[in-house]
Amino acid sequence: MSAIKNCHNCGSENVKKESNSIIYGREYGNGKCYYCHSCRASVGTHDSGKPLGTLATKDVQILRKACHDIFDKLWRYERIASRGQLYQDLARRLGITGRECHFGIFQRERCLQALSIITEEKWWNS
């Protein structure tokens, strides 16, 4: 993903790379984010400055975090399968490619679809 110029949420060109203190009141992580000054959507950045995903409004950020909390527990702590394998299984269940399957690019409806799947018992086996 390259630098973000326009907000896909509201269409504004008023998107700037900022200190993430604009969101949190103080800096976290590498301290950078992309922020839409029109609708207040945001996304963090890698250390290199590349966005971690797509701009997300607060409701989508909450949904993405919920997905990650459930999903990451499976590969980090329960060791059900590797992260990559679980993403492949989720992509298959969502009917999308592995390249399209990342919570950081999901919008509201895709997050809700993913949550519906990853809260099923042993969803990776179906």
Side-chain angles (χ1 to χ4, degrees):
M1 255 177 221
S2 58
I4 299 172
K5 307 244 187 279
N6 296 341
C7 179
H8 67 272
N9 294 291
C10 70
S12 173
E13 294 179 5
N14 196 9
V15 176
K16 307 278 188 260
K17 193 175 191 182
E18 301 274 357
S19 161
N20 63 17
S21 65
I22 197 167
I23 304 164
Y24 305 116
R26 70 181 191 108
E27 288 190 354
Y28 284 93
N30 67 18
K32 300 293 179 208
C33 71
Y34 283 92
Y35 184 80
C36 176
H37 288 268
S38 297
C39 72
R40 302 197 312 209
S42 64
V43 66
T45 69
H46 292 280
D47 289 338
S48 67
K50 286 176 49 177
L52 290 168
T54 58
L55 289 167
T57 54
K58 194 61 166 170
D59 64 321
V60 173
Q61 290 171 6
I62 291 167
L63 288 169
R64 287 178 180 177
K65 183 176 182 333
C67 287
H68 262 299
D69 288 349
I70 294 165
F71 186 87
D72 290 353
K73 184 176 77 165
L74 295 173
W75 65 269
R76 275 197 179 134
Y77 306 112
E78 295 179 18
R79 301 189 189 266
I80 299 300
S82 71
R83 178 177 179 256
Q85 183 60 55
L86 287 171
Y87 266 118
Q88 285 179 351
D89 292 341
L90 180 58
R92 179 181 46 77
R93 294 282 310 272
L94 289 169
I96 60 176
T97 67
R99 189 169 179 84
E100 297 169 305
C101 193
H102 193 282
F103 298 120
I105 63 173
F106 286 2
Q107 294 305 313
R108 185 178 189 283
E109 290 307 314
R110 183 72 78 205
C111 284
L112 292 172
Q113 289 175 319
L115 277 171
S116 175
I117 292 167
I118 65 177
T119 54
E120 293 174 9
E121 189 172 335
K122 296 187 180 181
W123 62 268
W124 56 89
N125 285 335
S126 347

Side chain to side chain contact (heavy atoms under 4.5 Å, CB included) between L90 and W123, worked out: CA-CA 8 Å; L90 180 58; W123 62 268; 3.9 Å; yes

R99/I105 under side chain to side chain contact (heavy atoms under 4.5 Å, CB included): CA gap, chis, key distance, verdict: CA-CA 10 Å; R99 189 169 179 84; I105 63 173; over 6 Å; no

L52 vs H46, side chain to side chain contact (heavy atoms under 4.5 Å, CB included): CA-CA, chis, key distance, verdict: CA-CA 6 Å; L52 290 168; H46 292 280; 3.4 Å; yes

Verdict with supporting geometry, R110 and E100, side chain to side chain contact (heavy atoms under 4.5 Å, CB included): CA-CA 11 Å; R110 183 72 78 205; E100 297 169 305; over 6 Å; no

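A distance of 12.0 Å separates CG of L63 from CD of Q113, quoted to the nearest 0.5 Å. Taking CD of E109 as the start and SG of C111 as the end, the distance is 9.5 Å to the nearest 0.5 Å. Distance check: R108 CZ to T57 OG1 gives 9.0 Å after rounding to the nearest 0.5 Å. Taking OG of S42 as the start and OH of Y24 as the end, the distance is 6.0 Å to the nearest 0.5 Å. Atom SG of C36 and atom CD of E13 lie 10.5 Å apart (nearest 0.5 Å). Between the CZ atom of F71 and the CH2 atom of W124 there is a distance of 11.0 Å, given to the nearest 0.5 Å.
Side-chain heavy atoms closer than 4.5 Å link hydrophobic residues (I, L, V, M, F, W, Y) into clusters, and following such links, possibly through other members, connects L112 to L94. Y87 is connected to I70 through a chain of hydrophobic side-chain contacts under 4.5 Å among Ile, Leu, Val, Met, Phe, Trp and Tyr, so both are in one cluster. Criterion: ILVMFWY side-chain heavy atoms under 4.5 Å apart, direct or through other members. Under it, I117 and L74 are part of a common hydrophobic cluster. Residues I22 and I4 fall into different hydrophobic clusters, defined by Ile, Leu, Val, Met, Phe, Trp and Tyr side chains chained together at heavy-atom separations under 4.5 Å.
In terms of modelled atom types and a separation under 3.5 Å, the side chain of N20 and the main chain of G44 share no donor-acceptor contact. The backbone N or O of N30 lies less than 3.5 Å from no partner atom in the side chain of D47, so there is not a single donor-acceptor pair. The backbone N or O of G104 sits less than 3.5 Å from a side-chain atom of H102, completing a donor-acceptor pair.
Closest approach of Q107 to N9, counting heavy atoms only: OE1-OD1, 3.9 Å.
Contact check for C7 versus C39: side-chain heavy atoms found under the 4.5 Å cut-off. Here the side chains of H37 and K16 are in contact, with some heavy-atom distance below 4.5 Å. Using a 4.5 Å heavy-atom cutoff, the side chains of E18 and Y34 are not in contact.
A salt bridge (charged side-chain N to carboxylate O under 4.0 Å, His left out) check over residues 112-126, counting only residues at least two apart or in different chains, returns the pairs R93-E120.
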Would you mind writing out the side-chain donor-acceptor pairs for residues 78-86 within the sub-3.5 Å range, not counting sequence neighbours?
from, atom 1, to, atom 2, distance (Å)
S82, OG, Q85, N, 3.0
Q85, NE2, D89, OD1, 2.9

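A salt bridge is absent between K73 and D69: the closest approach of a Lys/Arg side-chain nitrogen to an acidic carboxylate oxygen does not fall below 4.0 angstrom.
Of the candidates V43, L55, I23, I23 is the only one forming a side-chain contact (heavy atoms from CB on, under 4.5 Å) with C33.
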